[in-house]
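Read through the structure below, which is laid out as structure tokens, and then see the notes.
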Amino acid sequence: MRFSRYFIKTLRDAPGDAETVSHRLLLRAGMVQQVAAGIFNYMPIGWRSISKIKGIIREEMNRAGAMEVNMPVVQPRELWEQSGRADTFIPPLATFVDRRERNMVLAPTHEETVTMMAKGGLSSYRDLPFTLYQIQTKFRDEPRPRAGLLRVREFEMKDAYSFDADQAGLDRSFQAMVEAYKRIFSRCGLRVVMVDADSGAIGGKASNEFILLADSGEDTVLICDRCGYAANVEKAQFKKPALLPEIPLTVAKFATPGVKTIEQLAAFARVPASKTIKAVFYAVEGQVHIICIRGDLDVNEIKLRNVLGGAEPKLATHEEVLKAGLVAGSASPVGLPGFTVVADDSLRLGNNFISGANEEGQHLSNVNFPRDFEAEVVADIATAKAGDGCPNCDGRLTAYRGIEVGHVFKLGSVYSQKMGALFSDEGGAQKPALMGCYGIGVGRLLAGAIEANHDDKGMVLPRAIAPFEVYLAGLNLEDANVKAAADKLYDDLQVAGIEVLYDDRDEAPGVKFNDADLTGLPVRVVVSKRALQSGSVEIKHRSGAGRGELKPVGEAVAAIKAVLGE
RNA sequence: CGGGGAGUAGCGCAGCUGGUAGCGCGCAGCGUUCGGGACGCUGAGGUCCCGGGUUCGAGCCCCGGCUCCCCGACCA
């Protein structure tokens, strides 16, 4: 492709409202254009990258035996009433009324239609297993789209759905998708880790996220570099250090003037934070609950939600705390009936704790659980952090930031049951198919790749997802010799099957170098009067510093292939 | 939904105490340049987010609304 004929306009300055690196670079390189919050146009150079990613996904899905289908973006709301998600989906479904006054929805995902599709082709266990997938537009009216393509409302997603006769089959289908995902991300040249994840409101047993490690990511994952344990912080477990056992002593009240926080309390009492009990107040369905955890740990709201059976806990407001009669800074469940108490299991790993006395400026020493108070639930509700012990080995956990680019989980029979995707088993009994679902956000993957691969000049794209492989810059094209050499190299590269963007514009060299850096194509080739004097062209990998290597014109194609990594 | 910020040329921005809108980049033409966004001359380009109000006069003041961004909430 000749730059002069390509529909592309690069920007020296990014629009002021783009702050995230990938957003700025996508705009500056002319890859996307914002239409509305979280809704984008994709221009030719951006769409090429998207298409490459989709191509890789498609190949690996097919390799894994999945079959491509297509399902509608616009769907009748009735279908969502059947699945029970019409009013529960978060964010709420985007809806409209068609001219026949039918309530329609814009699909945020496709479990309903794929289950319907499966139902049509499923009657016997002999029909199973099968996996269907599509690469399709979704619309989710996110409360807060942001950061360019990282969090959008309209987006392309690859979604796959497996159908099996039994749990062992589901496990196999799931594993096949996991392997496909690993290949996809690896082929895209990205460092993606699979982590244990919270399955969210949908429930289900196994759920894994694929996280692209990047400092700008909005997710935190914890990884043990010894055994490979990896989990989203929402889900991560860890070894809670046990304290030396002590003989339980008698509870005693003591004055702690002005002490409000665990840090102040530990300093005042001259004990480590782990010898204290932290009480946190959450409003759950309007009721204030007291959540107790050892002072050195923090509450994980996702774990808390799960032990509460899915009810959403919200940190109690100041007013709610006052109304409940709790003394913030000196609270504890000791001697305080009438509250639902949830305790972290860390309270069992020690004795003679210090806790609040429920009086301003007073605390209790030698509090022992469960001797001195009761809890409705005792469970792991603590947040893991860097440096904590790995739950599976003697290693330590390291924290990384990352971007969720894929999510797989085992749905089981939730949808097949409700929507009647049933089959007859060997004994003639009707059973719901067991489903798994597997998603990859295509645009987010591109944005994530840029977040993870850029420098201060622009993108540094992995070859597999770069829009072109070579940026060929002709520097003095008004010179007939240079033009002839550049044109010939352009032709030769195309004949060799290399995707090349040929910068044949009448622009100053600096402009071309900057656009080469900005667009992040893997290899930059410069044809210039200067290099041609020695019969050479310059070849440089985008990730390399300074000038590239001079290679004889006759060896250019081979040398370019070598730098490309062929 | 709560908090904060912003809408003026394609992009980045300035515009005082209200007097009829400007700079840089980009764009078009001509010329000089030609290995890191080079230079000169000429030129085109505006619903100052929208609606209402105050005023002789509003980009600027007042009222109402819309859109976008950031933080949080939220996030299958």
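Convention: sequence-line order gives letters A, B, ...; per-chain numbering from 1.
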Tell me which donor-acceptor pairs under 3.5 Å the side chains of residues 448-461 of chain A have, and how far apart each pair is, sequence neighbours excluded?
from, atom 1, to, atom 2, distance (Å)
A/E451, OE1, A/S216, OG, 2.4
A/E451, OE2, A/S22, N, 2.8
A/E451, OE2, A/S22, OG, 2.6
A/N453, ND2, A/A449, O, 2.8
A/H454, ND1, A/I450, O, 2.9
A/H454, ND1, A/E451, O, 3.1
A/D455, OD1, A/K457, N, 2.8
A/D455, OD1, A/G458, N, 3.1
A/D455, OD1, A/R542, NH2, 2.8
A/D455, OD2, A/R542, NH1, 2.9
A/D455, OD2, A/R542, NH2, 3.4

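- Distance noted for atom P between B/rC60 and B/rA21: 14 Å (whole Å).
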Identify all side-chain donor-acceptor contacts of residues 73-80 of chain A below 3.5 Å with residues at least two apart in sequence or on another chain.
from, atom 1, to, atom 2, distance (Å)
A/Q75, OE1, A/W80, NE1, 2.9
A/Q75, NE2, A/P72, O, 3.1
A/R77, NE, A/E81, OE2, 3.0
A/R77, NH2, A/D87, OD1, 2.9

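- With both ends at atom C1', the span from B/rG46 to B/rA73 equals 40 Å, rounded to whole Å.
- Between the side chains of A/D171 and A/Q167, a donor-acceptor pair is found at a separation under 3.5 Å.
- Remark: the separation of the P atoms in B/rA14 and B/rU8 is 11 Å, to the nearest Å.
- Not counting sequence neighbours, the partners of A/A66 by the side-chain contact (heavy atoms from CB on, under 4.5 Å) test are A/M61, A/T131, A/Y133, A/M177.
- Across all strands shown, A/L27 has no heavy atoms under 4.0 Å from either base or sugar-phosphate atoms.
- In terms of the side-chain contact (heavy atoms from CB on, under 4.5 Å) criterion, A/I90 has no residue partners (sequence neighbours excluded).
- Remark: the A/H110 side chain and the A/Q136 side chain contain no N/O donor-acceptor pair separated by less than 3.5 Å.
- Contacts between residues 441-449 of chain A and RNA chain B, defined by a heavy-atom separation below 4.0 Å, involve no residue at all.
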Nucleotide-resolved protein contact map, nucleotides 23-48 of chain B, B/S/- at heavy-atom distance under 4.0 Å: --SS-------BBBB-----------
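- On the P atoms, B/rC16 is 14 Å away from B/rC49, given to the nearest whole Å.
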